[in-house]
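Working notes, structure below.
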Amino acid sequence: MAGSRWVRPEVYPLFAAMGVAMGICGFQLIRNITINPEVRVNKQNRAAGVLENFEEGEKYSENFLRKFVRNKKPEIMPSINNFFSDPQNN
């Protein structure tokens, strides 16, 4: 009875947005548990204390996305920005 109240076409965008948000949260959770050098799940690694593992930490923080975006200008639509900011070239 209550399920049929929520399953309507006008609620589909809400389901899509919530699904994307849950996917992003799940991806970040799995990424942190499996790759993050500061997260230790098993008892043996937790007993090791603070590790001086700079190479692994740098590998984690300097991921592909940061390397790709590092030399880019912070613009969302560069062609439109250039069109309106420099009218002599148009």
Side-chain angles (χ1 to χ4, degrees):
M1 181 82 164
S4 63
R5 185 171 42 176
W6 284 97
V7 182
R8 291 188 278 171
E10 57 266 15
V11 185
Y12 292 163
L14 178 64
F15 287 150
M18 291 300 295
V20 169
M22 288 172 51
I24 291 171
C25 289
F27 169 75
Q28 189 65 24
L29 176 70
I30 291 171
R31 178 176 179 258
N32 278 328
I33 287 177
T34 58
I35 301 173
N36 193 339
E38 294 183 2
V39 176
R40 296 180 199 89
V41 179
N42 61 6
K43 197 172 196 176
Q44 181 182 10
N45 288 344
R46 285 195 311 262
V50 178
L51 300 175
E52 300 294 330
N53 197 355
F54 297 112
E55 294 85 18
E56 190 177 356
E58 187 172 347
K59 180 183 168 190
Y60 175 77
S61 65
E62 296 298 323
N63 55 36
F64 170 75
L65 183 62
R66 281 195 186 175
K67 289 179 184 176
F68 177 73
V69 177
R70 179 169 291 133
N71 297 324
K72 306 273 187 218
K73 292 172 73 175
E75 297 178 331
I76 296 174
M77 298 181 179
S79 59
I80 294 176
N81 290 343
N82 291 336
F83 178 78
F84 287 112
S85 66
D86 195 13
Q88 288 83 15
N89 292 338
N90 299 324

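Not measured: the values here are computed from a predicted model. Because only heavy atoms are used, hydrogens play no part in the values below, and waters and symmetry mates are left out as well, while side chains stay in.
- Phe15 and Val20 are members of different hydrophobic clusters when ILVMFWY side chains are connected at heavy-atom separations under 4.5 Å.
- Lys67 pairs by the salt bridge (charged side-chain N to carboxylate O under 4.0 Å, His left out) definition with nothing, not counting sequence neighbours.
- Ile76 and Val69 fall into different hydrophobic clusters, where Ile, Leu, Val, Met, Phe, Trp and Tyr side chains are chained together by heavy-atom contacts under 4.5 Å.
- Minimum heavy-atom separation, Lys72 to Phe68: CG-O, 3.5 Å.
- Atom CD1 of Ile33 is separated from atom CZ of Arg31 by 12.5 Å, given to the nearest 0.5 angstrom.
- Taking CD1 of Ile24 as the reference point, atom CG of Leu29 lies at 13.5 Å (rounded to 0.5 Å).
- Pairing each heavy atom of Pro9 with each of Pro13, the nearest pair is O-CD, 3.8 Å.
- Note: the hydrophobic cluster containing Met18 also contains Val11 (ILVMFWY, side chain heavy atoms under 4.5 Å, direct or indirect links).
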